[in-house]
Peer 1: 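Got a structure for you, written out below as structure tokens; questions coming shortly.
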Amino acid sequence: MCRSHAGVRAAAVVGVAALLGGCSFFSFLPWIEAEPEELKEGEPAKLVDFQPEADIDRLWRAKVGRGLGRKYVRLAPVVVADRVYAADGYGRVVAVNRFDGRPVWSTTVGEPDEGPFYEFWDRRDPSFVSGGLGAGEGRILLGTTRGEVVALDAGDGAELWRATVSSEVLARPASSEDVVLAQTADGRLFALEAEDGRQRWAYDSQVPLLTLRGTSAPVPIGGFVFAGFGDGSVSAVAQANGAPIWKHRVMLPQGRTEMDRLVDVDATPLFANGRLYAVSFQGRLKALGAQDGSLVWEMEASSHLDLAEGYGQIYVIGSDDVVTAVGQTSAAVVWEQDALRNRGLTSPIAFGNYLLVGDADGYLHVLAQSDGRFVARRKLAGGLRSPMVEMEGSVFVLTNSGRLEALRINRRG
């Protein structure tokens, strides 16, 4: 009698479970097809398998200081001739040989703000290098959260000058002829004399009450300096004297709350084929005439990451980490790749047939520029958020943990 009741109860439990769980309850059975898992909102996409068409081979690896720290700092390396220059978030700057990673020089540009009572359990991050690296005219340039622009001798790392600007420098400084250009968090663009760091001119823009923590990097081309700002605009100013030439609103703030009205142009404007491409957060991707800022085409987009171009296309990483290829001559979407959604992607770089992006878990993904399919993938030690650089087929990647890696993509077969 007891056994009979126990069997009934067991059958009832199984029946209820089957009703509640459906077929998924029996998905362990080989003849029951499992229901696909739905991605929860904001959850990183799980990596999908694919048939690799290429391998990502490591050429060398070098250590760069203490890494990038806990702040959202992105410090792209820079390549000049036969050297690669990289920095950590705590003041260490290194130069290594581009071909084998051997150290050339190492220096520090300041000490972190660690007082005598700083303890290992203190969660504050004392990193202060935030804008870098730039290069030009034999100088390596970087910016700090202390409102400084620092110029080092590219040959031996000796400090050439240090200039104080009005606020944090959150993007890499740029060099053009006899000036160094730096953009600050308070919406100003500075031109400094390349020889000694004296201020030549400053251009001001309005800063909204709430902005993203970041700025675009200035882009000097043909006597113009292009820059994006926190109010959703892109401006062109004269490099010689800072006189405004034109200003274009990529997106006007909309919505009731300050969060809704965030329209920062934090992505560095991209110049290609006589046009300037700019994208705003919660706004638009636009192609503009570089000479006068006239609108060529526009489409809805939201991004704070730099753009890339290749194959006659513009590549944009959306705020949801969907990778989109857009034709340069129109707003036509050529392809989209959504298999990396919410994975915390880096800015893309394009070269050869490839488009490369990294993610917060340290995976480097190689996509085909032609259709966005996955070509190769490799896991690196430490997460990725800094932009990558490429020179003659070698890719240089700085991980969050401070590993500078030189990689090469070799096609199979």
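Because the structure is a prediction, the values reported are computed rather than measured.
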Peer 1: Could you tell me if the side chain of Arg188 sits less than 4.5 Å from the side chain of Ser167, heavy atoms only?
Peer 2: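 Counting from C-beta outward, Ser167 and Arg188 never come under 4.5 Å.
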Peer 1: Check this for me: Gln199, atom CD, are more than 12 non-hydrogen atoms of other residues, nucleotides or ligands nearer than 6.0 Å?
Peer 2: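 Counting other residues, nucleotides and ligands, CD of Gln199 exceeds 12 neighbours.
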Peer 1: Can you name the nearest heavy-atom pair linking Ala368 to Val375, along with the distance?
Peer 2: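 Heavy atoms only, the tightest pair is N-CG2, 3.6 Å.
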Peer 1: Is there a side-chain contact between Asn353 and Tyr311 in this structure, where contact means two heavy atoms from C-beta onward sitting under 4.5 Å apart?
Peer 2: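 Asn353 vs Tyr311: side chains touch.
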Peer 1: Can you tell me how far the CZ atom of Phe281 sits from the CG atom of Asp264, to the nearest 0.5 Å?
Peer 2: 8.0 Å
Peer 1: Below 4.5 Å, heavy atoms only, C-beta onward: do Val80 and Tyr85 meet side chain to side chain?
Peer 2: yes
Peer 1: Between Tyr315 and Trp335, how do the two ring planes meet: parallel, tilted or perpendicular, split at 30° and 60°?
Peer 2: tilted
Peer 1: Measure the shortest side-chain to side-chain distance between Leu192 and Val149 over non-hydrogen atoms and say whether it is less than 4.5 angstrom.
Peer 2: yes
Peer 1: So with a 6.0 Å cut-off around CZ of Arg172, is the heavy-atom count from everything else above 12?
Peer 2: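 Atom CZ in Arg172 is not crowded, with 12 or fewer foreign heavy atoms closer than 6.0 Å.
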Peer 1: So Leu355 and Val323, side chain to side chain contact (heavy atoms under 4.5 Å, CB included) or not? Walk me through it.
Peer 2: CA-CA 10 Å; Leu355 182 74; Val323 185; 3.8 Å; yes
Peer 1: Quick check: do Met251 and Gln282 have side-chain heavy atoms less than 4.5 Å from each other?
Peer 2: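 When only atoms from C-beta onward are counted, Gln282 and Met251 do not touch, as no gap falls below 4.5 Å.
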Peer 1: Salt bridge (Lys or Arg N to Asp or Glu O under 4.0 Å), that's the test. Do Glu392 and Arg98 meet it? Break it down for me.
Peer 2: CA-CA 11 Å; Glu392 297 179 351; Arg98 174 162 69 93; 3.4 Å; yes
Peer 1: For a quick test of reading the model, state the closest non-hydrogen atom pair linking Pro77 to Ala86 and the distance between them.
Peer 2: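 Taking Pro77 first and Ala86 second, the nearest heavy atoms are CB-CB, 4.3 Å.
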Peer 1: Rounded to the nearest 0.5 Å, what separates atom CD1 in Ile140 from atom CD in Glu159?
Peer 2: 13.5 Å
Peer 1: List the atom of Trp297, the atom of Ser330, and the distance in Å for their closest heavy-atom pair.
Peer 2: CE2-O, 3.2 Å
Peer 1: Could you grab the distance from atom OG of Ser370 to atom OH of Tyr354, nearest 0.5 Å is fine?
Peer 2: 10.5 Å
Peer 1: So that I can tick it off, tell me whether Glu195 and Arg139 are bridged by a salt bridge, with the cut-off set at under 4.0 angstrom between side-chain N and carboxylate O.
Peer 2: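 Here Arg139 pairs with Glu195 in a salt bridge, since their nearest N and O are under 4.0 Å apart.
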Peer 1: So does Arg249 get a backbone contact from the side chain of Lys286, meaning a donor-acceptor N/O pair under 3.5 Å?
Peer 2: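 Yes, because the side chain of Lys286 sits within donor-acceptor range (under 3.5 Å) of the backbone of Arg249.
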Peer 1: What's the verdict on side chain to side chain contact (heavy atoms under 4.5 Å, CB included) for Val48 and Phe374, showing C-alpha distance, side-chain angles and the deciding distance?
Peer 2: CA-CA 9 Å; Val48 297; Phe374 288 103; 4.1 Å; yes
Peer 1: Decide, yes or no, whether a salt bridge links Asp100 with Arg102 under the criterion of side-chain N to carboxylate O below 4.0 Å.
Peer 2: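 Looking at Arg102 together with Asp100, the answer is yes, because their closest N to O distance falls below 4.0 Å.
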Peer 1: Does the side chain of Ser302 come under 3.5 Å of the side chain of Ser319 through a donor N or O and an acceptor N or O?
Peer 2: yes
Peer 1: Hey, is the main chain of Val237 close enough, under 3.5 Å, to the side chain of Trp246 for a donor-acceptor pair?
Peer 2: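 No.
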Peer 1: Measuring from Leu276:CG to Ile221:CD1, what's the distance to the nearest 0.5 Å?
Peer 2: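 So the CG of Leu276 and the CD1 of Ile221 are separated by 7.5 Å.
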Peer 1: Does any N or O in the side chain of Gln369 come within less than 3.5 Å of the main-chain N or O of Gly352, such that one atom is a donor and the other an acceptor?
Peer 2: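 Indeed, once roles are kept as given, a pair shorter than 3.5 Å links the two residues.
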Peer 1: Pick out which of Leu345, Thr399, Asp359 makes a side chain to side chain contact (heavy atoms under 4.5 Å, CB included) with Leu384.
Peer 2: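 The option that passes is Thr399.
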Peer 1: Given 3.5 Å as the limit, does a donor-acceptor pair link the side chain of His248 with the main chain of Gly293, or not?
Peer 2: yes
Peer 1: Leu59 versus Leu407: any side-chain heavy-atom pair under 4.5 Å?
Peer 2: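 In short, these two side chains do not touch, never coming nearer than 4.5 Å.
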Peer 1: Determine yes or no for a side-chain-to-main-chain donor-acceptor pair under 3.5 angstrom, with Lys71 supplying the side chain and Pro126 the backbone.
Peer 2: no
Peer 1: Donor-acceptor pair, Ser347 side chain versus Asp306 backbone, under 3.5 Å?
Peer 2: yes
Peer 1: Side chains of Val265 and Phe229, heavy atoms from C-beta outward: is any pair under 4.5 Å?
Peer 2: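 Sidechains of Phe229 and Val265: no contact.
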Peer 1: Roughly how far, to the nearest 0.5 Å, is the CD atom of Glu148 from the CZ atom of Arg162?
Peer 2: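 Arg162 atom CZ to Glu148 atom CD measures 4.5 Å (nearest 0.5 Å).
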Peer 1: Please check: side-chain N/O of Asp88 versus main-chain N/O of Leu68, any donor-acceptor pairing under 3.5 Å?
Peer 2: no
Peer 1: Going by an N to O cut-off under 4.0 Å, is there a salt bridge joining Arg373 and Glu53?
Peer 2: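 Looking at Glu53 together with Arg373, the answer is yes, because their closest N to O distance falls below 4.0 Å.
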Peer 1: When you look at Lys247 and Asp231, which way does the salt bridge (Lys or Arg N to Asp or Glu O under 4.0 Å) test go after all the steps?
Peer 2: CA-CA 11 Å; Lys247 180 176 181 177; Asp231 62 357; 3.5 Å; yes
Peer 1: Have Gln239 and Ser176 got a donor and an acceptor in their side chains that come within less than 3.5 Å?
Peer 2: yes
Peer 1: Apply side chain to side chain contact (heavy atoms under 4.5 Å, CB included) to the pair Val84 and Leu404, showing each step before the final yes or no.
Peer 2: CA-CA 9 Å; Val84 183; Leu404 178 62; 4.0 Å; yes
Peer 1: Hydrogens and angles aside, do Glu309 and Gln328 bring a side-chain donor and acceptor to less than 3.5 Å of each other?
Peer 2: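 Yes, Gln328 and Glu309 have a side-chain donor paired with an acceptor closer than 3.5 Å.
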Peer 1: Could you give me the CA-CA distance, side-chain angles and deciding distance for Asp178 and Arg200, then say whether salt bridge (Lys or Arg N to Asp or Glu O under 4.0 Å) is met?
Peer 2: CA-CA 10 Å; Asp178 58 350; Arg200 177 182 294 188; 3.0 Å; yes
Peer 1: Donor-acceptor pair, distance only, cut-off 3.5 Å: does the side chain of Gln337 make one with the backbone of Gly372?
Peer 2: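 Yes: the side chain of Gln337 pairs with the backbone of Gly372.
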Peer 1: Any salt bridge linking Glu43 with Arg341? Criterion: basic side-chain nitrogen under 4.0 Å from a carboxylate oxygen.
Peer 2: no
Peer 1: Could you report the tightest heavy-atom contact between Leu181 and Pro220, atom names first, then the distance?
Peer 2: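 Smallest heavy-atom distance, with atoms named: CD1-CB, 3.7 Å.
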Peer 1: Are Arg92 and Thr108 close enough that a side-chain donor and a side-chain acceptor fall under 3.5 Å?
Peer 2: no
Peer 1: Looking at OH of Tyr363 and CZ of Arg343, how far apart are the two atoms once the value is rounded to the nearest 0.5 Å?
Peer 2: 7.0 Å
Peer 1: Could you check Ile56 against Val366 for side chain to side chain contact (heavy atoms under 4.5 Å, CB included), going step by step and ending with a plain yes or no?
Peer 2: CA-CA 9 Å; Ile56 306 173; Val366 182; 3.7 Å; yes
Peer 1: Is there side-chain contact between Phe128 and Val109, with at least one heavy-atom pair below 4.5 Å?
Peer 2: yes
Peer 1: Check for a donor-acceptor pair, side chain of Gln206 on one end and backbone N or O of Gly187 on the other, with a separation under 3.5 Å.
Peer 2: no
Peer 1: Leu398 and Ala87: which non-hydrogen atoms are nearest, and at how many Å?
Peer 2: CD2-O, 3.5 Å
Peer 1: Between Asp186 and Ser166, is there a side-chain donor-acceptor contact under 3.5 Å, judged purely by atom types and distance?
Peer 2: yes
Peer 1: If we ignore hydrogens and angles and just use 3.5 Å, is the side chain of Arg403 paired with the main-chain N or O of Val397 as donor and acceptor?
Peer 2: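 Checking the backbone N and O of Val397 against the side chain of Arg403, no donor-acceptor pair under 3.5 Å is found.
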Peer 1: Under 3.5 Å, is there a donor-acceptor pair between the Asn410 and Asp57 side chains?
Peer 2: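 Yes.
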Peer 1: Does the side chain of Asn241 come under 3.5 Å of the side chain of Tyr203 through a donor N or O and an acceptor N or O?
Peer 2: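 Tyr203 and Asn241 do not have a side-chain donor-acceptor pair below 3.5 Å.
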Peer 1: Looking at every heavy atom in both Thr215 and Thr184, which two are closest together, and how far apart are they?
Peer 2: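 Looking at all heavy atoms of both residues, the shortest contact is CG2-O, 3.7 Å.
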